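Have a look at the structure below, then the notes.
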Protein chains: 2
Amino acid sequence: MRLSKRGEYGLKALIELAANDAEDVIRIRELAEREQIPLKFLEQILLALKNAGLLQSRRGVNGGYYLARPADEITLGQVVRTLDGPVAPIRCVSQMAYERCVCPDENTCGLRLAMLDVRNAIADVLDHTTLADAARRANKRARKMRSRAAR
Amino acid sequence: MRLSKRGEYGLKALIELAANDAEDVIRIRELAEREQIPLKFLEQILLALKNAGLLQSRRGVNGGYYLARPADEITLGQVVRTLDGPVAPIRCVSQMAYERCVCPDENTCGLRLAMLDVRNAIADVLDHTTLADAARRANKRARKMRSRAAR
DNA sequence: ACAATGTCTACTATATCACTAGGGTTAGTG
DNA sequence: CACTAACCCTAGTGATATAGTAGACATTGT
């Protein structure tokens, strides 16, 4: 049930991009430093995200990355599936990578039915939380902390 | 986000045990054949489950395994945690294996807050589904199919 | 005694993870 | 035009986890 570092780093970077009021690019190095991510590893991750159509980039001097779509149109689910593959705990309940299992009848397999619930619970959260949501929640909390500190 | 074969086999075996009206033992070999699980691998798994207090066994002739508690008092969560470790996608939201992450403030980390939702969603299902539930759902469906076929 | 069962530990092949390395391409700047 | 700053792409690598196999040992019923 684990999110890989790949997934973790990718999400962090995208949330950072979402927080950084859209449309101005950010360099990989910048993101890597802010989030403490190995630079070359992050390169690969952002590239994969770009090839999946979630990011766009500008090359050369003053280059960098920016979100391919508005932050509230990119869900965490899309990101996780791109970087970590299927969200389902077992293949026979996966939408994106279904594979029949060995049990004689899928509809009478207690394990499968339970894991289907798990898959749906995970997908529900991941597919209904956008980068904008994640960025907003972070900022809201941060603002609350700052105003408390200011008193 | 994946359940290992270890976890899968363990759950299948326990659900099978739960379905097999309690208190009479089942041999490892029996379980392995019914569920198509490599015998020696299943041995290890059941042993781990026993050491975790979820199973009990009788040795020697007519030996075998049986549930340490009633099937409606063992949750899938207990099994998964025993065989696959923490249910949380990242350590910093884990109950059983918490570990601080690198972000400066855990309460303003957008990723962490989202993953906390995911963890809770998973735990909700796993900790509220018992072996009895899983076994019952399987049987119910099976009965429905049989009665439909009988008509 | 012996056969059928669970117990325990060690080993192994393969895959996956988390990177690192390094060369290539594009685009501004002096 | 040369140079440099950025992204692009592929290959390699060491460590760890996964999914088993193997085999000796312990217990119990007949």
Side-chain angles (χ1 to χ4, degrees), chain A residues 1-13 17 24-33 35-68 80 82-86 89-91 97 101-102, chain B residues 1-13 17 24-33 35-68 80 82-86 89-91 97 101-102:
Chain A
M1 306 284 168
R2 224 168 103 256
L3 183 73
S4 70
K5 285 292 177 188
R6 213 170 127 81
E8 179 183 331
Y9 294 159
L11 283 169
K12 279 191 174 180
L17 275 163
D24 47 337
V25 306
I26 306 187
R27 277 164 295 149
I28 298 178
R29 175 164 307 166
E30 187 85 18
L31 287 167
E33 276 164 15
E35 304 292 340
Q36 312 250 53
I37 301 170
L39 179 68
K40 295 296 276 181
F41 193 21
L42 185 57
E43 266 189 24
Q44 289 178 14
I45 294 167
L46 296 185
L47 196 52
L49 255 8
K50 183 194 170 169
N51 291 333
L54 299 178
L55 276 182
Q56 290 194 328
S57 62
R58 197 157 63 212
R59 287 164 85 145
V61 178
N62 298 327
Y65 279 98
Y66 56 100
L67 299 180
V80 170
T82 299
L83 297 176
D84 273 24
I90 46 181
R91 290 295 187 77
C101 61
V102 295
Chain B
M1 305 286 167
R2 224 167 105 258
L3 183 72
S4 70
K5 285 293 177 188
R6 213 171 128 80
E8 179 184 332
Y9 293 160
L11 283 168
K12 278 192 174 181
L17 275 164
D24 47 336
V25 306
I26 306 187
R27 275 166 297 151
I28 298 179
R29 175 165 308 164
E30 187 84 19
L31 288 167
E33 275 164 16
E35 304 292 340
Q36 312 249 54
I37 301 170
L39 179 68
K40 296 296 276 179
F41 193 23
L42 184 58
E43 270 188 20
Q44 289 179 17
I45 295 167
L46 297 185
L47 195 53
L49 256 9
K50 185 196 168 165
N51 292 333
L54 299 178
L55 276 182
Q56 290 193 328
S57 62
R58 196 157 64 211
R59 288 162 84 146
V61 178
N62 299 325
Y65 279 98
Y66 56 99
L67 299 180
V80 170
T82 299
L83 297 176
D84 273 24
I90 46 179
R91 291 296 189 76
C101 61
V102 296

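Fair warning: this is a prediction, and the values are worked out from it, not measured in the lab. First the proteins, then the strands, lettered A, B, ... as listed; each starts at 1.
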Note, A/Leu31 side chain near A/Ile37 side chain (heavy atom, < 4.5 Å): no

Let me know which of A/Leu49, A/Val25, A/Ile26, A/Leu54 forms a side chain to side chain contact (heavy atoms under 4.5 Å, CB included) with A/Leu17. A/Ile26

Could you pull out the closest heavy-atom pair between B/Thr82 and B/Ala52, with the gap in Å? CG2-CB, 3.5 Å

Minimum side-chain heavy-atom gap A/Met1-A/Pro89 below 4.5 Å: yes

Can you tell me how far C1' of C/dT5 sits from CD1 of B/Ile26, to the nearest Å? 15 Å

Without decimals, in angstroms, what is the distance between B/Gln56 CD and C/dG6 C1'? 14 Å

In whole angstroms, the gap separating P of C/dT5 from CG of B/Leu42 amounts to 15 Å

Roughly, in whole Å, what's the span from CD in B/Glu30 to P in C/dG6? 10 Å

What pair of heavy atoms forms the shortest contact from B/Tyr9 to B/Ile45, and how long is it? CB-CD1, 3.8 Å

Identify the pairs formed between an N or O of the protein and an N or O of nucleotides 13-16 of chain D at a distance under 3.5 Å, and give each distance.
none

Show the distances under 3.5 angstrom between N or O atoms of the protein and N or O atoms of nucleotides 13-16 of chain C.
none

Nearest 0.5 Å, please: how far is CZ in A/Arg6 from CG in A/Leu11? 11.5 Å

For B/Ala68 against B/Gln56, the heavy-atom pair lying closest together: CB-CG, 3.8 Å

Between D/dA17 atom P and B/Asp84 atom CG, what is the distance in whole Å? 13 Å

Donor-acceptor check, side chain of A/Asp84 to backbone of A/Ser4, threshold 3.5 angstrom: yes or no? yes

Just how far, in rounded Å, is P of D/dT4 from CZ of A/Arg27? 17 Å

Base, backbone or nothing for each nucleotide of nucleotides 18-30 of chain D, written B, S, -, heavy atoms under 4.0 angstrom, 5' to 3'? -SBBBB--BBBS-

Smallest heavy-atom separation, A/Arg58 atom then A/Tyr66 atom, equals N-CE2, 4.4 Å

Heavy-atom pair with the smallest gap, counting every atom of A/Val102 and B/Lys12: CG2-NZ, 3.8 Å

B/Asn51 CG to C/dG6 C1': how many Å, rounded? 12 Å

Heavy-atom nearest pair, A/Ala13 first then A/Leu46, reads CB-CD2, 4.1 Å

Between C/dT7, D/dC9, C/dC8, which one does the side chain of B/Ser57 approach most closely? C/dT7

Just call it for B/Leu46: base, sugar-phosphate, or nothing, with non-hydrogen atoms closer than 4.0 Å on any strand. nothing

Could you tell me how far apart A/Leu83 (CG) and C/dC19 (C1') are, to the nearest whole angstrom? 15 Å

